[in-house]
Amino acid sequence: MPFVKYPRTAEPFWNEWDRKAQKNGLRHAIYAVNGDHYTGEWLDNLKHGKGTQIWKRTGAIYNGDWKFGKRDGYGTYSIPDPVTKGYKKVYSGWWKNDKKCGYGTRFYSDTEYYEGEWSSGQRSGWGRMYYKDGSIYEGQWLKDQHSGQGMLRLSHENRYEGTWKDGKKHGPGKFFYLDKGQLFEGFWVADVPKSGTMIDCGREAAPAPTQYPIPKIELANPDGVLEEVWAIFDDSQEEDQMDAGRR
């Protein structure tokens with residue numbers, strides 16, 4: 001019986017090339033078409049694990065954790081410094097889904113930076129902001145704005161303590177004029193004080209006190225007012241008891 005020999009089918013070259021191109025585990029620098037390059041760990045052709053990305057157009061560099069192709073975990077983002085010819089840090093902290101999320105520090109300049117909580121790339125939660133004019137805000141944030149309870153201390157030590165909304169003083173709060181030795185306690189709406197009381201507070205030790213002290217506001221006959229209030233309260237109690245007896 002004759003033996004039939006079939007020719008061996010050759011595997012297309014592109015299959016081999018595609019197999020070699022699959023990125024898994026630790027790899028050397030991989031360049032993208034636009035010139036960006038990444039060095040680090042991969043999983044199923046996605047950046048996953050520890051790695052460093054450099055963007056050609058801006059020269060920015062990220063070094064840290066990746067998850068399925070996005071910055072996720074702890075990492076540092078830096079940009080070129082034209083003065084030192086090196087890199088200056090912009091953000092160092094936690095990321096999620098390619099955005100700042102969790103606790104981290106963002107440097108806006110040499111004298112202005114924020115340290116605190118982030119959510120979806122915005123300052124949200126508790127945080128402290130150091131401004132270039134010397135003032136400091138410490139408290140709650142929401143969508144990059146002061147929101148909730150917080151304290152703003154100005155460069156000359158005067159400060160506001162109270163509630164905020166959309167980056168403005170809003171609600172009950174206290175403003176300490178330490179340079180004059182006075183305290184204003186009241187209610188704000190969109191950064192404007194609407195009502196409140198101003199009193200002297202440490203005026204004797206203030207560096208620039210007002211010429212005249214604020215007179216204290218007192219009742220002429222506090223005992224009499226208290227007796228009158230109690231009398232009204234007692235009458236109302238008796239009326240309530242009588243009404244209950246009729247039912």
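In this text the structure is predicted, and so the values were computed from the model without any measurement.
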Student: Have a look at W66 and tell me which of Y74, W95, W42, Y38 forms a ring pair (Phe, Tyr, Trp, His ring centres under 6.0 Å) with it.
Tutor: Y38

Student: Give the minimum heavy-atom separation between A206 and G181, together with the two atoms involved.
Tutor: CB-N, 3.4 Å

Student: In Å and rounded to the nearest 0.5 Å, what is the CE to CG distance from M129 to D144?
Tutor: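 Atom-to-atom, M129:CE and D144:CG are 9.5 Å apart.
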
Student: Look at the side-chain heavy atoms of Ile, Leu, Val, Met, Phe, Trp and Tyr, link any pair under 4.5 Å apart, and say whether Y160 and Y137 land in one connected group.
Tutor: yes

Student: For S92 and T76, work out which heavy atoms get closest and say how close.
Tutor: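 Looking at all heavy atoms of both residues, the shortest contact is OG-OG1, 3.4 Å.
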
Student: Could you tell me if the side chain of Q182 sits less than 4.5 Å from the side chain of I214, heavy atoms only?
Tutor: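 With C-beta onward as the side chain, the pair touches.
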
Student: Say you draw a straight line from OG of S78 to CD1 of I54; how long is it, rounded to the nearest 0.5 Å?
Tutor: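 It comes to 10.5 Å.
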
Student: Can you tell if the side chain of R123 reaches within under 4.5 Å of the side chain of E117, non-hydrogen atoms only?
Tutor: no

Student: May I ask you to decide whether K96 forms a salt bridge with D72, counting only side-chain N to carboxylate O separations under 4.0 Å?
Tutor: no

Student: Please give me the minimum heavy-atom distance between R203 and P209, naming the atom from each residue.
Tutor: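 Distance-wise, the nearest heavy atoms are O-CB, 3.7 Å.
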
Student: Would you kindly say whether N63 and T52 are connected by a side-chain donor-acceptor distance under 3.5 Å?
Tutor: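 Yes, side-chain donor-acceptor contact under 3.5 Å.
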
Student: Going through the distances and angles, do Q122 and K143 end up as a side chain to side chain contact (heavy atoms under 4.5 Å, CB included)?
Tutor: CA-CA 5 Å; Q122 295 181 317; K143 296 182 179 179; 3.6 Å; yes

Student: Within this structure, what is the CH2-CG distance for the pair W164 and D191, rounded to the nearest 0.5 Å?
Tutor: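 These two atoms lie 6.5 Å from each other.
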
Student: Can you tell me which residue among W141, F107, Y91 is in a ring pair (Phe, Tyr, Trp, His ring centres under 6.0 Å) with Y114?
Tutor: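 The passing option is W141.
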
Student: As an exercise, state the distance from CD1 of I136 to CE of M151, rounded to the nearest 0.5 Å.
Tutor: 7.5 Å

Student: Side-chain contact, heavy-atom cut-off 4.5 Å: I30 with H37?
Tutor: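 No. Closest side-chain heavy atoms not under 4.5 Å.
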
Student: Nearest 0.5 angstrom please: K180 NZ to C201 SG, how far?
Tutor: 14.5 Å

Student: May I ask you to test the D133-S155 pair for a side-chain heavy-atom distance under 4.5 Å?
Tutor: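 Answer no - side chains too far apart.
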
Student: Is it true that atom CG of N34 has more than 12 heavy atoms of other residues, nucleotides or ligands lying nearer than 6.0 Å?
Tutor: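 Yes, CG of N34 has more than 12 neighbouring heavy atoms, counting only those of other groups under 6.0 Å.
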
Student: Between K132 and E112, does any side-chain N to carboxylate O distance fall below 4.0 Å?
Tutor: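 Salt bridge absent between K132 and E112.
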
Student: When you measure from the centre of the six-membered ring of Y108, is the NZ or CZ of R106 closer than 6.0 Å and no more than 45° off the axis?
Tutor: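 Yes, cation above the ring, under 6.0 Å and within 45°.
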
Student: So S147 and D166, do their side chains get closer than 4.5 Å, heavy atoms only?
Tutor: no

Student: Mind checking whether Y62 and I79 sit in one hydrophobic cluster, side chains of I, L, V, M, F, W, Y counted as touching below 4.5 Å?
Tutor: yes

Student: For the pair Y177 and F175, name the ring-plane relationship: parallel under 30°, tilted 30 to 60°, perpendicular over 60°.
Tutor: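 Geometry flag for F175 against Y177: tilted rings.
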
Student: Working to the nearest 0.5 angstrom, can you tell me the gap between L178 CG and R153 CZ?
Tutor: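 L178 CG to R153 CZ: 10.5 Å, rounded to 0.5 Å.
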
Student: Whether E157 and R159 form a salt bridge (side-chain N of Lys/Arg under 4.0 Å from carboxylate O of Asp/Glu) is what I want to check.
Tutor: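 Salt bridge between R159 and E157, a charged N being under 4.0 Å from a carboxylate O: no.
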
Student: When you measure from the centre of the six-membered ring of F184, is the NZ or CZ of K174 under 6.0 Å away and within 45° of the axis?
Tutor: no

Student: Would you say Y103 and L142 are hydrophobically clustered, going by side-chain heavy atoms of ILVMFWY under 4.5 Å?
Tutor: no

Student: So which atom in H170 and which in K165 form the shortest heavy-atom distance, rounded to 0.1 Å?
Tutor: CB-CB, 3.7 Å

Student: Is the shortest heavy-atom distance from the side chain of R71 to the side chain of Y77 under 4.5 Å?
Tutor: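 Touching, per the 4.5 Å side-chain cut-off.
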
Student: What I'd like to find out is whether the side chain of W118 reaches to under 4.5 Å of the side chain of S124, using heavy atoms alone.
Tutor: no

Student: Any link between Y131 and V90 through a network of hydrophobic side chains (Ile, Leu, Val, Met, Phe, Trp, Tyr) touching at under 4.5 Å?
Tutor: yes

Student: Grouping I, L, V, M, F, W and Y whenever their side-chain heavy atoms are under 4.5 Å apart, do Y130 and W126 come out in a common cluster?
Tutor: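 Per the 4.5 Å side-chain linkage, Y130 and W126 are not co-clustered.
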
Student: Taking side chain as C-beta onward, heavy atoms only, is N158 less than 4.5 Å from F176?
Tutor: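 The answer is no, as the side chains (C-beta and beyond) never meet within the 4.5 Å cut-off.
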
Student: Who passes side-chain contact (heavy atoms from CB on, under 4.5 Å) against K194, sequence neighbours left out?
Tutor: V189, V192

